[in-house]
Amino acid sequence: MANLSYVDVFWFVPNLIGYSRIALTAIAVYSMYFEHPYIMFASYAISELLDAADGYYARKLGQCSKFGEVLDMVTDRCTTTVLLTYLAQLYPKLALVFCFLISLDISSHYMQMYSQLITGKTNHKQMDESAHWILKAYYTDRRVLFGFCFGNEAFFMLIYLMEYLDGFCFYFVSFLALLAFPICVIKNTINVIQLYESAKDLAKRDAAQLNTGNDPSKKN
């Protein structure tokens with residue numbers, strides 16, 4: 001590609017998919033608060049499935065961009081936060097758990113992105129040989145990454161839908177939620193590992209700079 005403007009980047013196919021995810025999330029939020037659970041479930045699920053499509057087309061069409069990476073991450077964080085916030089209202093006894101998961105999701109991904117970029121990586125998913133083996137397994141195989149991300153969101157979507165069902169449908173969705181629960185636990189355990197490893201990498205970098213007399217605070 002040559003002679004592209006920033007407007008051209010905005011119109012990249014994967015970024016258009018990203019905008020459609022934002023629109024679907026808006027529909028899902030409206031449907032949540034006006035209690036249209038089936039519309040909410042469908043729009044949210046489609047948005048999550050499109051999360052895999054934007055990366056696929058970015059690589060296939062040679063349209064990978066920093067803007068697209070950030071758009072994808074921000075959309076992911078916002079969609080999860082919105083759903084967990086509503087779940088805290090549906091299940092008030094578990095509100096602290098959902099608040100913790102929101103904080104963990106945002107902080108672990110921000111810390112990971114910052115630590116990767118400051119050490120010269122191109123994005124937060126790029127792993128080198130020094131990375132924790134769990135993070136390498138998680139980020140280097142896109143099927144694993146999508147499976148855990150979708151399974152995690154599926155658990156949240158299913159327990160949302162359970163509040164609006166009864167009879168056989170309730171028990172069937174509850175069974176699916178039970179199957180997705182271990183994936184949710186593993187995904188959030190990975191978030192904890194990611195947060196710790198990123199904090200450790202940043203602290204190591206700070207210690208190395210201070211030991212060589214290059215105080216990072218003097219750069220501000």
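When a residue number appears, it is its place in the shown sequence, counting from 1.
Leu117 and Val70 sit in two unconnected hydrophobic clusters of ILVMFWY residues. Membership requires side-chain heavy atoms under 4.5 Å apart, directly or through other members. Tyr114 and Tyr196 fall into different hydrophobic clusters, where Ile, Leu, Val, Met, Phe, Trp and Tyr side chains are chained together by heavy-atom contacts under 4.5 Å. A single hydrophobic cluster is seen to contain both Val185 and Tyr160, as judged by linkage of ILVMFWY side chains at heavy-atom distances under 4.5 Å, directly or through other members. Note on Val74: it does not cluster hydrophobically with Val82, by side-chain heavy-atom contacts below 4.5 Å among ILVMFWY residues. A continuous path of hydrophobic side-chain contacts links Phe168 to Phe170 [ILVMFWY only; heavy atoms under 4.5 Å].
Inter-residue side-chain proximity for Tyr44 and Ile27 is flagged as unmet; no heavy-atom pair is nearer than 4.5 Å. At a threshold of 4.5 Å between non-hydrogen side-chain atoms, the residues Thr25 and Cys78 do not count as touching. Residues Tyr91 and Val97 are not in side-chain contact: their nearest non-hydrogen atoms beyond the backbone lie 4.5 Å or more apart. Side chains of Val9 and Lys66 form no contact here, defined as non-hydrogen atoms less than 4.5 Å apart. In this structure, the side chains of Tyr139 and Ile190 stay at 4.5 Å or more apart for every pair of heavy atoms. Residues Thr80 and Ile102 fail the side-chain proximity criterion, which asks for heavy atoms closer than 4.5 Å. Side-chain atoms of Leu87 and Leu94, non-hydrogen and from C-beta on, never get closer than 4.5 Å to each other. In this structure, His109 and Gln194 have side chains that are in contact, with non-hydrogen atoms separated by less than 4.5 Å.
Around atom OH of Tyr110, no more than 12 heavy atoms belonging to other residues, nucleotides or ligands sit under 6.0 Å away. Dense packing is recorded around NZ of Lys136, with more than 12 heavy atoms of other residues, nucleotides or ligands lying under 6.0 Å away. No more than 12 heavy-atom neighbours from other residues, nucleotides or ligands sit within 6.0 angstrom of CZ on Arg142. In the displayed structure, Phe67 atom CZ is contacted under 6.0 Å by more than 12 heavy atoms of other residues, nucleotides or ligands. Annotation for Tyr19: atom OH counts as buried by contact number, over 12 foreign heavy atoms lying within 6.0 Å.
Of all non-hydrogen atoms in Leu50 and Ser20, the two that sit nearest each other are CD1-OG, 3.6 Å. Taking each heavy atom of Met162 and Ser174 in turn, the nearest pair found is CE-OG, 3.6 Å. For Thr85 against Thr81, the heavy-atom pair with the smallest separation is OG1-O, 2.7 Å. The shortest heavy-atom contact between Arg21 and Ser47 is NE-O, 2.9 Å. The two atoms that bring Phe41 and Met157 nearest to each other are CE1-CB, 3.7 Å, heavy atoms only. Asn15 and Leu71 make their closest contact through O-CD2, 3.9 Å (heavy atoms, listed as atom of the first residue, atom of the second, distance).
Interatomic distance, CG of Leu135 versus OG of Ser198, reported as 7.5 Å (0.5 Å rounding). One distance of note links CZ of Phe100 with CG of Leu84; it measures 12.0 Å at 0.5 Å rounding. The distance from atom CD of Glu197 to atom CD1 of Ile134, rounded to the nearest 0.5 Å, is 9.0 Å. From Phe172, atom CZ reaches atom CG of Leu158 across 9.5 Å, with rounding to the nearest 0.5 Å. To the nearest 0.5 Å, atom CG of residue Asp206 and atom CG of residue Asn211 are 10.5 Å apart. The CZ atom of Arg205 lies 8.5 Å from the CG atom of Leu202; values are rounded to the nearest 0.5 Å.
Shown are Asn152, Ile193, Asp105; of these, the side-chain contact (heavy atoms from CB on, under 4.5 Å) with Asn188 is made only by Asn152.
In summary, the side chains of Asp72 and Thr75 do not present any donor paired with an acceptor at a separation below 3.5 Å, with no hydrogens or angles considered.
In this structure, the side chain of Ser43 engages the main chain of Met40 through a donor-acceptor pair within 3.5 Å. Between the Tyr138 side chain and the Lys187 main chain, no donor and acceptor come within less than 3.5 Å of each other.
Classified by interplanar angle (parallel below 30°, tilted 30° to 60°, perpendicular above 60°), the ring pair Phe155/Phe181 is tilted.
Taking the ring centroids of Phe10 and Tyr6, they lie under the 6.0 Å cut-off. Separation of the Tyr86 and Tyr33 ring centroids falls under the 6.0 Å cut-off.
Chaining together hydrophobic side chains whose heavy atoms lie under 4.5 Å apart places Leu49 alongside Phe146, Phe150.
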